[in-house]
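Accompanying notes for the structure given below.
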Amino acid sequence: MSEAPVRDQFIGGRWVPAADGRTYPDTSPYDGRLVAQAAASSRADAQAAIDAAAAAFPAWAATTPQARATIFLRAADILARRADEVRAMLTAETGATQGFAAFQVARSIDTLRVAAGWPYLAVGEVLRSGVPGRFAFTVRHPLGVVFGITPWNGAHILAWRTILTPLAYGNTVVLKPSEDSPIVAGLMIAEVMEEAGLPAGVLNVITNAPGEIGPVADAVFESEAVRLIMFTGSAPTARRLAERAGRHLKRTVLELGGYNPLIVLADADVDRAVDAALFASFYHQGQICMNARKIIVERPLFARFTDAFVARTATLVRGDPADPATFIGPLITDRAAELVEAQVAEAVAAGGSILTGGTRDGRLFAPTILADVPASADAAREEIFGPVVLVEAADSGEDAVRIANATCYGLSAAILSGNADRALALAHGLEAGMIQVNEQTVAGEIGFPNGGVKQSGWGYTGPAGLHDFTEIRQMSVQAAIGAYPVPK
Ligand code: NAD
């Protein structure tokens with residue numbers, strides 16, 4: 001146990017221990033083994049990282065698009081070289097199955113390559129002036145320091161998503177990964193970018209211990225250099241952050257949870273719909289923001305679909321995420337497993353029934369399907385962050401859309417049907433930021449505006465994030481000073 005490496009933070013281009021020398025254990029969700037001792041950052045570390053990012057900002061903001069692109073492309077090659085190592089760390093730190101780990105690394109490499117084009121997007125426009133002889137235009141400027149806060153679930157890809165947009169548009173970044181994934185969601189990103197030649201201070205990574213975010217957050221909010229907080233995580237945490245950001249007039253980009261409906265219309269191919277539902281509900285053991293939380297089936301197909309879905313769910317292999325045969329790995333912590341168990345019990349107490357699953361072996365939660373959950377129960381509207389999904393019958397496509405929208409969230413939604421025209425017509429009524437026809441809910445592509453509506457958040461990364469991560473400055477020029485109605 002004592003052989004686990006001690007991992008320093010990355011501040012101002014240097015690898016440094018926490019200011020007060022403390023560390024905390026970073027453990028594996030599957031077997032609890034110690035992966036590393038990570039630096040336990042405090043307010044002093046956060047301040048040092050913010051200062052380093054602020055100092056690096058003017059020079060980075062002045063770099064050419066080509067220079068940024070070159071670094072991103074080099075980073076893609078470095079990440080490709082280190083792919084096995086990153087995949088193994090995703091499994092060790094976050095319990096990602098082999099499939100999900102491989103997906104994240106491949107998507108991260110692709111994102112780096114695509115993001116190499118983003119610096120060229122930061123353009124302004126020529127304005128139509130009403131004053132003869134005046135040429136007016138806008139230019140886009142980066143904001144300054146962006147503070148990125150990421151979760152542990154899609155640990156690697158979401159960390160790249162958090163840093164690449166601000167960096168592409170000329171901002172500098174302090175990244176604070178989840179306490180549960182300091183290496184794969186933070187320190188490995190810094191290693192890759194350092195090797196790729198990112199100048200010192202442009203990206204900084206600090207790693208606080210569980211329960212110690214308070215002083216770090218104080219430094220962030222009280223610093224005038226931090227202009228935007230890019231947060232990916234849960235809605236309850238976001239509410240606290242947004243409230244405080246309002247007081248300090250800081251921008252926020254919020255990528256939050258969802259209660260994602262998957263609608264199966266009566267004319268859908270049942271086998272394929274079941275495949276889609278299994279993936280949507282249980283991929284990464286239901287710990288993805290876009291996992292389907294409710295499968296809404298048009299009544300004529302409900303019994304047939306549900307029988308097949310239940311039968312296939314019961315065969316999903318649970319176990320060691322390092323085993324390629326495993327489809328359902330561990331939940332991230334004991335607390336998470338206990339919470340999912342309590343939420344299932346609440347749904348049952350409210351009148352719901354368990355069609356399969358509902359049990360757990362430590363952090364290994366059985367994939368679970370609930371039916372008959374009344375609309376008034378929390379589980380009918382709130383995310384259960386584990387392998388738990390509800391099924392519900394709808395009287396028509398329109399009724400399915402009504403049920404789908406009966407939540408305060410609006411992240412991802414999907415409709416499966418043999419009639420894409422009818423499905424698309426219904427899809428226009430769905431209240432979600434990402435809507436697919438004949439694709440399941442865990443969808444989205446690099447460069448698409450991946451984000452939510454309603455209480456699933458606001459703001460975007462990538463091309464759609466240009467407005468969030470830059471500011472417009474209006475300018476004008478005319479040949480001579482104008483005439484003014486002032487007494488001579
Ligand atoms: P969380 O809200 O508990 O934590 C997210 C991050 O916020 C962590 O880094 C944590 O350290 C930090 N944090 C917690 N309290 C804070 C505070 N007071 N000030 C500043 N930072 C604070 O979420 P989680 O459990 O890590 O992640 C799961 C949640 O994230 C789910 O709700 C999921 O749906 C959501 N999520 C959304 C997306 C998306 O793109 N929309 C992607 C992944 C996850």
Side-chain angles (χ1 to χ4, degrees), residues 24 29 38 40-41 43 46 93-94 96 100 104 147-162 165 174-182 185-186 205-222 226 229-245 248 250 252-260 283-293 331-333 335-336 339-340 343 382-386 407-412 432-434 441-444 448-462 465:
Y24 75 93
S41 23
R43 186 181 172 121
E93 263 191 332
T94 71
F100 189 47
Q104 283 193 63
F147 193 82
I149 302 175
T150 63
W152 47 268
N153 64 336
H156 198 63
I157 181 66
L158 294 176
W160 283 114
R161 178 178 81 169
T162 299
T165 304
V174 178
L175 173 65
K176 188 218 83 65
S178 163
E179 297 79 349
D180 293 314
S181 52
V205 178
I206 55 172
T207 57
N208 64 281
E212 297 187 6
I213 183 69
V216 170
D218 289 347
V220 173
F221 283 107
E222 288 165 25
V226 176
I229 297 169
M230 157 90 202
F231 173 82
T232 307
S234 65
T237 307
R239 270 187 204 103
R240 291 201 296 277
L241 272 176
E243 199 180 301
R244 203 166 170 195
H248 292 271
K250 289 195 190 304
T252 53
V253 168
L254 304 177
E255 307 287 351
L256 313 180
Y259 191 83
N260 312 301
Y283 199 50
H284 197 36
Q285 35 281 10
Q287 300 172 118
I288 299 176
C289 54
M290 291 186 287
N291 282 121
R293 303 297 172 197
L331 294 184
I332 188 74
T333 55
R335 205 174 141 259
L339 180 62
V340 171
Q343 289 169 312
E382 289 289 336
E383 176 183 67
I384 297 181
F385 216 53
T407 161
C408 66
Y409 298 104
L411 189 61
S412 180
M434 296 173 276
T441 56
V442 188
F448 282 14
N450 298 310
V453 300
K454 292 160 81 177
Q455 294 193 21
S456 287
W458 54 66
Y460 292 96
T461 51

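These numbers were taken from a predicted model, which means no experiment stands behind them. Numbering of ligands and ligand atoms starts at 1, following listing order.
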Nearest non-hydrogen partners of [X] and [Y], listed with the distance:
X      : Y      : value
Ala292 : Thr441 : N-OG1, 3.2 Å
Pro182 : Ala38  : CG-CB, 4.0 Å
Ser181 : Thr94  : CB-CG2, 3.8 Å
Lys250 : Val226 : NZ-O, 2.8 Å

request  = Could you pull out, from Asn208, Thr207, Leu256, the option with a heavy atom nearest to atom 41 (N) of ligand 1?
outcome  = Leu256
In Å and rounded to the nearest 0.5 Å, what is the [atom1] to [atom2] distance from [X] to [Y]?
X      : Y      : atom1 : atom2 : result
Cys289 : Asn260 : SG    : CG    : 7.5 Å
Ile157 : Thr232 : CD1   : OG1   : 11.0 Å
Ile213 : Leu241 : CD1   : CG    : 8.0 Å

Of all the atoms in ligand 1, which lie at a distance below 4.0 Å from a heavy atom belonging to [X]?
X      : value
Glu255 : 37 (C), 38 (C), 39 (C), 40 (O), 41 (N)
Thr232 : 5 (C), 37 (C), 38 (C), 39 (C), 40 (O), 42 (C), 43 (C)
Leu241 : 19 (N), 20 (C)

Quick one: nearest non-hydrogen protein atom to [atom], plus distance?
atom                    : answer
atom 32 (O) of ligand 1 : Glu383 OE1, 2.7 Å
atom 6 (C) of ligand 1  : Ile149 CG2, 3.5 Å
atom 24 (P) of ligand 1 : Trp152 NE1, 3.5 Å
atom 27 (O) of ligand 1 : Pro151 CB, 3.4 Å
atom 14 (C) of ligand 1 : Thr237 CG2, 3.5 Å
atom 44 (C) of ligand 1 : Asn153 ND2, 3.2 Å
atom 10 (C) of ligand 1 : Glu179 OE1, 3.7 Å
atom 23 (O) of ligand 1 : Ser234 N, 3.5 Å

message = Protein non-hydrogen atoms only, distance under 4.0 Å: does atom 30 (O) of ligand 1 have such a neighbour?
response = yes
task = State whether a side-chain donor-acceptor pair under 3.5 Å links Tyr409 with Glu382.
result = yes
Got an N/O contact under 3.5 Å between [X] and ligand 1?
X      : result
Ile213 : no
Arg161 : yes
Thr150 : yes
Ser456 : no
Ala235 : no

inquiry  = Between Phe385 and Arg293, is there a side-chain heavy-atom distance shorter than 4.5 Å?
reply    = yes
query = How does Leu158 reach ligand 1, by side chain, by backbone, by both or by neither, if only non-hydrogen atoms under 4.0 Å count?
reply = side chain
query = Can you tell me if Gln287 has a non-hydrogen atom under 4.0 Å from ligand 1?
reply = no
request  = Could you tell me whether Glu212 and Arg43 have a side-chain N and a carboxylate O separated by less than 4.0 Å?
outcome  = no
query = What class does the angle between the rings of Phe221 and His248 fall in, given that below 30° is parallel, 30 to 60° is tilted and above 60° is perpendicular?
reply = tilted
Candidate list Thr207, Asn208, Thr150, Thr162, test side-chain hydrogen bond (donor to acceptor under 3.5 Å, both in side chains), partner Lys176, passing option = Asn208
